[in-house]
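Index from 1, following the sequence.
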Amino acid sequence: MMTTSATRPPHRTELLAAGAATVTVVLWASAFVSIRSAGEEYSPGALALGRLLVGALVLGVICLVRREGLPPRAAWPGIAISGLLWFGFYSVVLNWGEQQVDAGTAALVVNIGPILIALLGARLLGDPTPPRLLAGMAVSFAGAVTVGLSMSGGGGSSVLGVVLCLLAAVGYAGGVVAQKPALGHASPLQVTTFGCLVGAVVCLPFSGQLIDDVADASVPATLNLVYLGVFSLALAFTTWAYALARTTASRMGATTYAVPALVVLMSWLALGEVPGPLTLAGGALCLAGVAVSRSRTRAARPCRHIPVVRRRRAGGNVTAGPGVVAVAPQPEQTRESA
């Protein structure tokens, strides 16, 4: 008998969702390295538009091959809001903010996003906030603060840059929470593709800047832009939507706390930026917090059910009613069964 998505074992579904989330986190972490390189030759709006156009092209081809079609009408509000806030607004504002503040400050402020996701998810989507999730987010945020402080350069921050990064965090959180209901009506590929198209339309005013930057940019910078569109957008956002459809927005938001730790590692390997002990400690805290937030409590031991036998006295009175009584296993019963 063929196993469909509806009958797929829950454990396997969780493993697939965790794998998809891992792909997303790794690709988003690599995006910081590419943005840092391409951002030297591309303006914030041009970089956002170029990335979105490349991503929309790749996703559009895949949709045509798979014959996905248009999303249902019920999915469009979530797609439009996530496309506006996350794909469009977030991309431009974050690129601009990172030109005003150092990388450590930007990472610190943007990592308010998962906390906002948890609050909005609980308020608007009814997401549960178990103690393990809250504890894990607290540990990860402490790690993000440690990484941010260790990477911050003295005097490199500005009020404008901090405000821009804070707005980026708000846009990111709003986009994720809006995307979650849309995934109940459309496939992850549809939600990602058309959200990307909405973001590209929002960024069209930067078309002139993109044309000028492409003409003057070096080949490595343009290749970084293409990488951002194909991998950290088209692929990473699709795997994100796949995982988000199978878990809560709060838990997915907490997963992204692994990004700072991976950025530290990738910067070390790709850019030769050797992290200090404080940075490594912060990265370890980020990963530990993600592990705690995604862990589950042990299920309670199932009770045994013993049927009750109906007995009647001579007078017709019932001494035991019908049904099933749930009792916990007793040591004596265990020894008898052994």
Side-chain angles (χ1 to χ4, degrees), residues 2-6 8 12-13 15-31 34-35 38 46-92 172 175-176 178-204 206-207 210 214 222-247 249 252 255-256 259:
M2 183 178 295
T3 302
T4 63
S5 59
R8 183 176 294 154
R12 184 185 174 193
T13 300
L15 288 178
L16 291 174
T22 301
V23 171
T24 298
V25 168
V26 171
L27 291 177
W28 281 355
S30 70
S34 293
I35 289 174
L47 180 59
L49 176 59
R51 178 185 182 185
L52 287 165
L53 290 176
V54 172
L57 177 62
V58 173
L59 291 167
V61 170
I62 296 174
C63 276
L64 289 176
V65 171
R66 291 177 56 87
R67 298 181 180 179
E68 288 280 336
L70 294 173
R73 182 178 300 177
W76 273 106
I79 291 175
I81 295 173
S82 66
L84 172 65
L85 293 180
W86 194 7
F87 288 85
F89 178 78
Y90 168 84
S91 298
V92 176
Y172 159 48
V176 170
Q179 191 183 62
K180 176 65 176 177
L183 290 166
H185 304 283
S187 70
L189 183 58
Q190 288 176 319
V191 172
T192 304
T193 301
F194 289 92
C196 184
L197 285 172
V198 171
V201 171
V202 171
C203 293
L204 281 179
F206 302 106
S207 299
L210 178 60
V214 169
T222 302
L223 289 177
N224 273 305
L225 184 150
V226 173
Y227 172 85
L228 290 169
V230 175
F231 293 97
S232 65
L233 194 154
L235 177 57
F237 275 74
T238 301
T239 52
W240 165 276
Y242 176 89
L244 180 61
R246 289 156 178 81
T247 187
M252 280 301 294
T255 303
T256 61
V259 170

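Residue L47 comes nearest to A38 through the heavy atom pair CD1-CB, 4.0 Å, listed as atom of the first residue, atom of the second, then distance. For the pair L233 and C196, the tightest heavy-atom approach, listed with the atom from each and the gap, is CD2-SG, 3.5 Å. The nearest pair of heavy atoms linking L27 to A236 is CB-CB, 3.8 Å. For P188 against A241, the heavy-atom pair with the smallest separation is CB-CB, 3.7 Å. The two atoms that bring I81 and A178 nearest to each other are CG2-CB, 3.5 Å, heavy atoms only. Heavy atoms only, all atoms of each residue included: A31 and S232 are closest at CB-CB, 3.7 Å.
Proximity of Y227 to S30: side-chain heavy atoms (C-beta onward) are separated by under 4.5 Å at one or more points. Between V202 and V92 the shortest side-chain heavy-atom distance does not fall below 4.5 Å. Residues V54 and L228 have side chains not in contact (no heavy-atom distance under 4.5 Å, counting atoms from C-beta outward). For the pair P71/V191, no side-chain contact is recorded, criterion being any heavy-atom separation below 4.5 Å from C-beta on. Taking 4.5 Å as the limit, some side-chain heavy atom of L52 sits within range of a side-chain heavy atom of F87. Looking at I35 and R51, their side chains come closer than 4.5 Å, going by heavy atoms from C-beta outward. The shortest side-chain heavy-atom distance between L244 and Q179 falls under the 4.5 Å cut-off. Side-chain contact check for R66 versus L189: some heavy-atom pair is nearer than 4.5 Å.
One distance of note links OG1 of T238 with CH2 of W240; it measures 13.0 Å at 0.5 Å rounding. For the atom pair Q190 CD and L183 CG, the distance stands at 10.5 Å (nearest 0.5 Å). The structure places CG of L64 at 11.0 Å from CG of L59, a figure rounded to the nearest 0.5 Å. To the nearest 0.5 Å, atoms CG (L84) and CD1 (I79) are separated by 13.5 Å.
Side-chain contact of T193 with E68: a donor-acceptor pair under 3.5 Å is absent, judged by distance alone.
Ring geometry for F237 against W86 counts as tilted: the plane angle lies between 30° and 60°, on a 0 to 90° scale. A perpendicular orientation is assigned to the rings of W28 and Y172, their planes being inclined by more than 60° (bins at 30° and 60°).
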Side chain to side chain contact (heavy atoms under 4.5 Å, CB included) evaluation trace for L53 with L210: CA-CA 11 Å; L53 290 176; L210 178 60; 4.0 Å; yes

Check step by step if side chain to side chain contact (heavy atoms under 4.5 Å, CB included) holds for T24 and Y242. CA-CA 10 Å; T24 298; Y242 176 89; over 6 Å; no

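At distances below 3.5 Å, not a single donor-acceptor pair connects side-chain atoms of S82 with backbone N or O atoms of V176.
Residue F89 qualifies as enclosed at atom CZ: its count of foreign heavy atoms under 6.0 Å is above 12.
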